[in-house]
2 protein chains.
Amino acid sequence: MADLTVPVATDRAFSGAEWAGRGNEPIWDVIELLFFAYRDFIGDPDDVLAKLGFGRAHHRVLHFVNRNPGMKVAELLDVLKITKQSLGRVLKQLIDQGYVVQKEGANDRRQRLLYVTAKGETLAMKLAGLQTARIAGALSELGPNAHEVACRFLTAMINADHRDAVLRFIARADRARRARG
Amino acid sequence: MADLTVPVATDRAFSGAEWAGRGNEPIWDVIELLFFAYRDFIGDPDDVLAKLGFGRAHHRVLHFVNRNPGMKVAELLDVLKITKQSLGRVLKQLIDQGYVVQKEGANDRRQRLLYVTAKGETLAMKLAGLQTARIAGALSELGPNAHEVACRFLTAMINADHRDAVLRFIARADRARRARG
DNA sequence: ACGGTTAGGTCAGCCATGTTGACATATTTA
DNA sequence: TAAATATGTCAACATGGCTGACCTAACCGT
């Protein structure tokens, strides 16, 4: 196991005395706050999705297709890290109900490139709006550089061996979105 | 633990509720970084648990019982926000395999107060150690007050109407742990 | 002492979403 | 033309949520 004896001595605002002189005590506050925060974070979309007969799996697919129009099925599988059987189930429902469409690849006609429809984009943006409202509310309670610090913290929480790939993926979607307008 | 309650700014730029309809772009980076970071965060424990035939549900139960020895079943249900049938399934396995024990309440003999065994504490601390290693590694890449900012951000991401209850819950577990030593 | 409430347990079944393994089809590529 | 690739699909299974119904034991107020 990695060395847990991490010097965090300069921060006492949240950790306080339970750290002092111990060295091996888990960082309980972040562990538990992440649990509660993430649960609420996905709770808002869950409520909307439930009314449509969808679940979180549908949300994830819709989100990434909306963010990366023309995405290949293989790319989506790689991002979600689920099997194609699991993806197939929810993707089929999204397609059948008109939230996502597939187009044959221009270069490679085996590919089924994924796009959201107008209906799909509306839902994806509604869900992203709920999550953004929560994030914006949280950031506005903190200092002006809270957004940057939050991003750096979350980035550093990602496995080092695919951190860069994640950042490139996010940046690529941002560039594509700006280019589309 | 120090007071985690963050004073709510009354004059912030825009509240969550005001966000929608401004034509603003969603905060894609935080949305997606949260997804990837949380997945990796729970991935480490998952691997350990899988070898024992346990899943995330067992982890959550073990975690909170370890953090709050003598917890009532009803309290655990309230924290996890699952049904007693769902809890019963995993709790029974943890008890049968000697990770958790139940003791009759001293005042109210209907209560089955929950405690981890030595075996249970060992596992709980191992899992918390994995998550702490990740968190400590992330915080060490950032500035000296990153821990405080991360906690404030995560706290602000929790639903306002139970934020204080969560903070009190965390603080109570910390105090009890310090008292035990 | 009794009757209602509370703490907790349990059975039965359903749903969502993950898994493996095997196989099919179309298309590209060497 | 043969192999590799992109995708889809069938079947079976596991986990961990859920509802509804029903049970015991213990507490508590009258």
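Since we're looking at a predicted model, the values are computed, not measured. Atom set for the values below is all heavy atoms of this structure, side chains included, hydrogens, waters and symmetry mates excluded. Letters go in sequence order (proteins before strands), and every chain restarts at 1.
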Student: For A/Asn107 and for A/Arg56, find the nucleotide of DNA chain C with the closest heavy atom, then tell me which residue's nucleotide is more 5'.
Tutor: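 The answer here is A/Arg56.
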
Student: Looking only at the aromatic ring of each residue, does the gap between the centers of B/Phe35 and A/Phe64 stay below 6.0 angstrom?
Tutor: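 So the answer is yes for these two rings.
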
Student: Treating Ile, Leu, Val, Met, Phe, Trp and Tyr as nodes and any side-chain heavy-atom pair under 4.5 angstrom as an edge, say whether A/Leu62 and A/Tyr115 lie in one connected cluster.
Tutor: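 Hydrophobic grouping puts A/Leu62 apart from A/Tyr115.
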
Student: Restricting to non-hydrogen atoms, name the atom on B/Leu154 and the atom on A/Ala37 that form the minimum distance, rounded to 0.1 Å.
Tutor: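 Heavy atoms only, the tightest pair is O-CB, 3.5 Å.
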
Student: Whether B/Lys72 and B/Asp108 form a salt bridge (side-chain N of Lys/Arg under 4.0 Å from carboxylate O of Asp/Glu) is what I want to check.
Tutor: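 No, no charged N to carboxylate O under 4.0 Å.
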
Student: For D/dC18, take OP1 and OP2 only and decide whether either is under 4.0 Å from a side-chain N or O of B/Ser86.
Tutor: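 So the side chain of B/Ser86 is within the cut-off, an N or O lying under 4.0 Å from OP1 or OP2 of D/dC18.
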
Student: Is any side-chain N or O of B/His58 closer than 4.0 Å to OP1 or OP2 of D/dG16?
Tutor: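 Affirmative; the distance criterion is met.
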
Student: If you take any heavy atom closer than 4.0 Å to DNA chain C, which residues from residues 44-53 of chain B end up in contact?
Tutor: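 The stretch gives none, as no residue of it lies under 4.0 Å from the strand.
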
Student: Same cluster or not: A/Val101 versus A/Leu123, using hydrophobic residues (I, L, V, M, F, W, Y) connected whenever any side-chain heavy atoms lie under 4.5 Å apart?
Tutor: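 The answer is no; the residues belong to distinct hydrophobic clusters.
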
Student: Between B/Asp174 and B/Arg178, does any side-chain N to carboxylate O distance fall below 4.0 Å?
Tutor: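 Looking at B/Asp174 and B/Arg178, the cut-off is not met.
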
Student: What nucleic acid atoms does A/Arg89 come within less than 4.0 Å of, heavy atoms only: base, sugar-phosphate, or nothing?
Tutor: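 Base, at least one base atom sits under 4.0 Å.
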
Student: Hydrophobic clusters here meaning ILVMFWY residues chained together by side-chain heavy-atom distances under 4.5 Å, can you tell me if B/Leu142 and B/Met157 are in one?
Tutor: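 Yes, because B/Leu142 and B/Met157 connect within a single hydrophobic cluster, where side-chain heavy atoms sit under 4.5 Å apart.
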
Student: Does a side-chain N-to-carboxylate-O contact under 4.0 Å join A/Glu141 and B/Arg152?
Tutor: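 No, A/Glu141 and B/Arg152 are not salt-bridged.
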
Student: Walking along DNA chain C from 5' to 3', note the first and the last nucleotide with an atom under 4.0 Å from a heavy atom of chain A, and give both.
Tutor: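 So the outermost contacting nucleotides come out as C/dT17 to C/dT28.
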
Student: In whole angstrom, what separates B/Leu80's CG from D/dC18's C1'?
Tutor: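 Roughly 15 Å, once rounded to whole Å.
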
Student: Report the residue from A/Val90, A/Asn66, A/Ile95 that forms a side-chain contact (heavy atoms from CB on, under 4.5 Å) with A/Val100.
Tutor: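 Going through the options one by one, the only one that passes is A/Ile95.
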
Student: Are A/Tyr99 and A/Phe54 close enough that their ring centres sit under 6.0 Å apart?
Tutor: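 They qualify: ring centres under 6.0 Å apart.
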
Student: Parallel, tilted or perpendicular: which describes the rings of A/Tyr38 and A/Phe41, with under 30° parallel and over 60° perpendicular?
Tutor: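 Answer is tilted, since the angle falls between 30° and 60°.
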
Student: Without decimals, in angstroms, what is the distance between B/Leu76 CG and D/dG16 C1'?
Tutor: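 Nearest whole value for this atom pair: 15 Å.
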
Student: Could you run down nucleotides 3-9 of chain D 5' to 3' and tag each one B, S or - for protein heavy-atom contact under 4.0 Å?
Tutor: --BSBBB

